[in-house]
2 protein chains.
Amino acid sequence: MGGPKKPEQERCAAILAAAYEIALAEGLDAVTARRVATAAGISTGLVFFHFQSKDGLLEALLGVLLDGTLDALSDSGLERLEPWDRLERMIRVELERLVEYHGAVELIFAFYFSRRDDLFRTRIESNFGRYLQAFSPVCREVAVGTRIQGDELAATVVALVQGASIQAIRNPEIFDPEAILATLRAVRPA
Amino acid sequence: MGGPKKPEQERCAAILAAAYEIALAEGLDAVTARRVATAAGISTGLVFFHFQSKDGLLEALLGVLLDGTLDALSDSGLERLEPWDRLERMIRVELERLVEYHGAVELIFAFYFSRRDDLFRTRIESNFGRYLQAFSPVCREVAVGTRIQGDELAATVVALVQGASIQAIRNPEIFDPEAILATLRAVRPA
DNA sequence: CTCTACATTGATCGCACGGTCAATGATCAC
DNA sequence: GTGATCATTGACCGTGCGATCAATGTAGAG
């Protein structure tokens, strides 16, 4: 028994990488301590040594997913654009990210729907909530001088983006951000 | 051994009802043959006698869910309305159904994301596809004489409705169809 | 009443899972 | 070199699962 020693950081990263790979390829259910250990080339016990429990491993995996996919929301660098252009630009960025990361986004939804307890949901919920916060300011600006209510527009935009994520998961090849963006431009008040 | 005999139809319905109840209350993972049998007041073997396998039971349960929640899409009875009013009305109907059936819709998503194989996905996919078919005609009518493309509008509407379903699941108490509907009315071309 | 076909039972199998742990290897300070 | 510390192993435990099946009860046909 015993084996080569590696620093904790490096090991954890390797285990998480293996878990990520398995989850992407075969789904969350396939992420078991044994399979992850085998994929990472280590023993099962080491997984629990580094992550305490399977839930610990999954929490860490969820953290990787959320960091990698939902963390770039911002309209910085767009200050000089008109509100409508800024909003369209933000939506475009999000929709194009969906195409790129649809696998990870699918896993986030799998996390969300796999459990009803709060272990994963509150984490994901708070990340989803940041969508609303990110879109709210520009939506309020867009609404000024129109019949639109800023907060209602923000809720609608968030729903639209999240619905688009479902479409991107359902059929990544066919999903086309331009269809949605073109419709938004067409209904944009002059 | 042995016990009272009931017709197959009645038994299956009772088993499905028990499975539905457990799924709604505790999630898909809690739907095991043993738990369903206990909840239905029968033995475990009988579940497999009537549904062959756990997947058979889940397929039947999914059928119940899909029949009960996604099956009422139609714009019949709205012929006399203007296209925009018809579209708004259809969206309103769908959004209000979401509030009522968010538990069942959540289970459908749980089915969708719990597996990557085609057993459940194709079923759900075909039901989702009917959304697009249902919204397409009226969207094409709405688009006539505008810069909007009918099929692009339909794709956008479907994304919006499905995104709204996520919102309704995330927080059924707070979710407000009127916010989205008001925004749609506000951007509606005169 | 008897025979046949079917519904029902619950013990049982094999399996994969999450988790534990004593034993062992590697590393480093001194 | 020596001892303390920590990473690592893999066998092992208990559990709950899906599934099977011989035994048994039930109902209806003749």
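Here is the naming used below: chain letters follow the sequence lines, and residue numbers restart at 1 for every chain.
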Take the protein atom [atom1] of [X] and the nucleotide atom [atom2] of [N], then report the distance between them rounded to whole Å.
| X | N | atom1 | atom2 | result |
| --- | --- | --- | --- | --- |
| B:F49 | C:dG10 | CZ | P | 16 Å |
| B:Q52 | D:dT20 | CD | C1' | 14 Å |
| A:E10 | D:dA7 | CD | C1' | 13 Å |
| A:K54 | C:dG18 | NZ | P | 4 Å |

What is the distance from atom OG1 of A:T122 to atom CG of A:D117, rounded to the nearest 0.5 Å?
9.0 Å

Starting at OH of B:Y101, measure out to CD1 of B:I108 and round the result to the nearest 0.5 Å.
11.5 Å

From B:L184, B:L153, B:L81, residue fulfilling side chain to side chain contact (heavy atoms under 4.5 Å, CB included) relative to B:L87
B:L153

Please list, by residue number, the residues of residues 22-47 of chain A whose heavy atoms come closer than 4.0 Å to an atom of DNA chain D; answer none if no residue qualifies.
A:R34, A:I42, A:S43, A:T44, A:G45, A:L46

Just compare C:dT8, C:dG18, D:dT8 and give me whichever is closest to any side-chain atom of A:F48.
C:dG18

Verify the distance criterion only: is there a donor paired with an acceptor across the side chains of B:Y131 and B:E94 at less than 3.5 Å?
yes

Between the side chains of A:Q133 and A:R130, is a donor N or O closer than 3.5 angstrom to an acceptor N or O?
no

Parallel, tilted or perpendicular, judged at 30° and 60°: which one describes the rings of A:F128 and A:F109?
tilted

